[in-house]
Amino acid sequence: MEDDVNLYRPKSLKKRDAHHDAQLAREVETINRGIRRALGPLPLGGLPKVIKRKPLLANPGSPAEATADPDHASTPSAVVP
């Protein structure tokens, strides 16, 4: 027996399993029914569309200006050995 062959590994099916598909559809319908019971039906026309926007970040101008801090100028006394 070769090391890379696992005899207990599940085999992939060549065709779809109709019973498995029916079980998945039944489970999804059960979940949807519970959600509709908890939250109520959707409004007429569907949910309102929410536009997602990127946040406007502060643009410092140049990288040198962003890193330069006049309060903490590099002086020999400010350098930690």
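Because the structure is a prediction, the values reported are computed rather than measured.
A distance of 10.5 Å separates CD in Gln23 from CG in Asp17, rounded to the nearest 0.5 Å. To the nearest 0.5 Å, atoms CZ (Arg53) and CD1 (Ile51) are separated by 5.5 Å.
For Asn32, the side chain to side chain contact (heavy atoms under 4.5 Å, CB included) partners at least two apart in sequence or on another chain are Val28, Arg36. For Leu47, the side chain to side chain contact (heavy atoms under 4.5 Å, CB included) test picks out Leu42, Pro43, with sequence neighbours left out. For Arg33, the salt bridge (charged side-chain N to carboxylate O under 4.0 Å, His left out) test picks out no residue, with sequence neighbours left out.
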